[in-house]
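For reference, the structure discussed in these notes is given below.
Chain letters run A, B, ... following the sequence lines, proteins first and then strands; every chain starts at 1.
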There are 2 protein chains.
Amino acid sequence: MNFTTHLTTNNIKPSIQRIKIFEYLYNNKIHPTVDTIYTGLVNEIPTLSKTTVYNTLKLFVDNKIATTVTIEDNEVRYDAFLEEHAHFKCDDCGGIYDVEIAIKELKYKELSDFRVDKTNIYLNGKCKKCLTK
Amino acid sequence: MNFTTHLTTNNIKPSIQRIKIFEYLYNNKIHPTVDTIYTGLVNEIPTLSKTTVYNTLKLFVDNKIATTVTIEDNEVRYDAFLEEHAHFKCDDCGGIYDVEIAIKELKYKELSDFRVDKTNIYLNGKCKKCLTK
DNA sequence: GTATCTGCAAAACATTTGCAATTCT
DNA sequence: AGAATTGCAAATGTTTTGCAGATAC
């Protein structure tokens with residue numbers, strides 16, 4: 001994956017900050033928060049500010065190369081993995097995992113009233129590690 | 001629905017604040033925020049504080065007579081309608097609607113790694129009103 | 001040289017916490 | 001009186017905004 005080309009293709013001018021933030025998202029599929037991204041990059045880009053991280057992520061979401069994950073109350077997380085998948089959160093350790101959907105058959109009543117553009121599936125429970133400890 | 005009895009049955013001592021907040025949630029299925037609930041009740045209970053609204057909703061969620069709706073980034077909403085349903089948010093007007101699920105067939109890979117206790121399905125798109133205007 | 005992008009500092013919100021006053025039994 | 005509940009005020013944490021300086025074309 002060439003990050004510079006990827007940004008350009010999606011109408012985003014590739015600055016150092018934007019390239020590094022996208023690279024971080026792509027290489028760290030841990031659904032990081034703004035703070036996690038900032039902390040993870042500030043050593044490499046000492047002048048980085050959180051404002052830039054916020055601006056850049058908003059730009060990515062607007063241009064559909066990233067999505068928000070709001071499984072957690074009061075903290076927005078980000079994801080550059082765009083294929084459809086569910087998110088699982090362990091209510092014990094707080095870890096968030098991608099879960100591949102094998103069969104998805106969802107049908108709704110009253111659906112003629114809406115045009116659905118996006119479906120988010122969030123699962124909560126306990127992960128194996130927390131179940132066995 | 002007798003709200004006082006409902007609270008008592010669920011091990012919640014029924015104070016005026018608790019009864020009125022539950023009644024508001026039950027009668028206003030608009031997935032209100034803490035602020036909406038507070039504003040909707042402060043005329044009726046002039047001494048009401050937001051802290052009490054926060055405390056009371058936490059109590060309701062802990063005792064499973066209400067759930068949180070986090071379809072919106074950075075704002076927690078509450079719901080007293082407990083039957084399984086999806087939530088639809090119109091990205092245009094911001095309205096949030098309950099959507100009844102007619103068929104639900106979701107299967108995941110890697111599921112042996114988790115025990116799923118709760119599934120939230122959030123839909124985004126455009127509502128009829130916004131599609132035709 | 002003009003547009004855009006970055007980043008500091010302050011402001012704006014949502015939520016939590018500590019504690020004192022109030023209420024209930 | 002004793003225990004639980006309420007609510008004010010302050011603190012915390014996240015996100016947004018205004019604007020000045022830096023960078024890119």
Worksheet item: Hey, can you pull the residues of residues 19-57 of chain B with a non-hydrogen atom under 4.0 angstrom from DNA chain D?
Response: B:Thr47, B:Leu48, B:Ser49, B:Thr51, B:Thr52

Practice prompt. Quickly work out the A:Arg18 CZ to D:dA24 P distance and round it to whole Å.
Written response: 12 Å

Discussion item. Taking syn as a glycosidic torsion within 90° of 0 and anything else as anti, which one is C:dA3?
Written reply: syn

Response to the item:
Taken to the nearest whole Å, NZ/B:Lys13 to C1'/D:dA3 is 7 Å

Discussion item. Strictly below 4.0 Å, N to O, side chains only: are B:Glu84 and B:Lys104 in salt-bridge contact?
Written reply: yes

Could you tabulate the donor-acceptor pairs under 3.5 Å formed by side-chain atoms of residues 30-43 of chain A, not counting sequence neighbours?
{"unit_1": "A:His31", "atom_1": "NE2", "unit_2": "A:His87", "atom_2": "NE2", "d": "3.4"}
{"unit_1": "A:His31", "atom_1": "NE2", "unit_2": "A:Asp98", "atom_2": "OD1", "d": "2.7"}
{"unit_1": "A:Thr33", "atom_1": "OG1", "unit_2": "A:Asp35", "atom_2": "N", "d": "3.4"}
{"unit_1": "A:Thr33", "atom_1": "OG1", "unit_2": "A:Thr36", "atom_2": "N", "d": "3.1"}
{"unit_1": "A:Thr33", "atom_1": "OG1", "unit_2": "A:Thr36", "atom_2": "OG1", "d": "2.8"}
{"unit_1": "A:Asp35", "atom_1": "OD1", "unit_2": "A:Lys50", "atom_2": "NZ", "d": "2.5"}
{"unit_1": "A:Thr39", "atom_1": "OG1", "unit_2": "A:Asp35", "atom_2": "O", "d": "2.8"}

Worksheet item: Is the charged tip of B:Lys20 near the ring of B:Phe22: under 6.0 Å from the six-membered ring centre and within 45° of its axis?
Response: no

Worksheet item: What's the verdict on side-chain contact (heavy atoms from CB on, under 4.5 Å) for A:Leu106 and B:Ile103, showing C-alpha distance, side-chain angles and the deciding distance?
Response: CA-CA 5 Å; A:Leu106 285 167; B:Ile103 298 172; over 6 Å; no

Worksheet item: Which sits closer to the 5' end of DNA chain D, A:Lys58 or B:Gln17, going by the nucleotide each is nearest to?
Response: B:Gln17

Discussion item. Exactly one of B:Val53, B:Thr67, B:Leu57 should register a side-chain contact (heavy atoms from CB on, under 4.5 Å) with B:Tyr78. Which one does?
Written reply: B:Leu57

Item to complete: Give the ring-plane orientation class for A:Phe3 versus A:Tyr26, where under 30° counts as parallel, over 60° as perpendicular and anything between as tilted.
Response: perpendicular

Worksheet item: Do other residues, nucleotides or ligands put more than 12 heavy atoms under 6.0 Å from the NZ atom of B:Lys109?
Response: no

Fill in: Phosphate contact (D:dA24 OP1 or OP2) by A:Ser15 side-chain N/O below 4.0 Å
no

Discussion item. If you define the side chain from C-beta out and look only at heavy atoms, does anything of A:Thr9 sit under 4.5 Å from A:Thr5?
Written reply: yes

Fill in: Degree of bending in the helix from C:dT4-D:dA22 to C:dT25-D:dA1 once both end axes are built from five pairs, to 10°
20°

Discussion item. Looking at D:dT14, I'd like to know if its phosphate oxygens (OP1 or OP2) sit under 4.0 Å from a side-chain N or O belonging to B:Asn74.
Written reply: no

Worksheet item: Rounded to the Å, how far apart are B:Arg77 CZ and C:dA14 P?
Response: 11 Å

